[in-house]
Amino acid sequence: MNCHANKCIECTVAQCANHCGSENYCSLDHILVGTHEKNPSMTACTDCKSFRQK
């Protein structure tokens with residue numbers, strides 16, 4: 001896999017198509033972070049909306 005790791009976006013989700021393998025970085029220039037809750041109150045309420053399954 002030829003991946004350009006964006007050192008500004010760390011990521012440990014190896015199941016994402018944008019993940020740069022063992023480097024634990026995202027290959028995107030930017031990501032979109034969103035929520036699935038009306039009033040998010042903890043980390044588990046947030047989502048990376050740029051996620052694409054491998």
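No experiment lies behind these values; they were computed from the predicted model shown.
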*Other residues, nucleotides, ligands: >12 heavy atoms within 6.0 Å of His36 NE2*: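 Yes, NE2 of His36 has more than 12 neighbouring heavy atoms, counting only those of other groups under 6.0 Å.
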
*Which residue pairs pass the salt bridge (charged side-chain N to carboxylate O under 4.0 Å, His left out) test when at least one of the two sits in residues 32-42, sequence neighbours left out?*
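Passing the test, one end in residues 32-42: no pairs.
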
_Contacts of type side-chain contact (heavy atoms from CB on, under 4.5 Å), residue Ala5, not counting sequence neighbours_ =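 Partners of Ala5 by the side-chain contact (heavy atoms from CB on, under 4.5 Å) criterion, ordered by chain and then number, come out as Lys7, Cys20, Glu23, Tyr25.
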
*Sub-3.5 Å donor-acceptor pair from the side chain of Ser50 to the main-chain atoms of Leu32, do we have one?*
yes

_Just verifying a value: how many Å separate Ile31 CD1 and Asn6 CG, rounded to the nearest 0.5 Å?_
9.0 Å

*What distance do Cys11 atom SG and Phe51 atom CZ have between them, rounded to the nearest 0.5 Å?*
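So the gap between those two atoms works out to 9.0 Å.
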
*Taking C-beta and beyond as the side chain, do Arg52 and Asn18 meet within less than 4.5 Å on heavy atoms?*
yes

*Using a distance-only test with no angle check, is there a side-chain donor-acceptor pair under 3.5 angstrom linking His19 and Asn24?*
yes

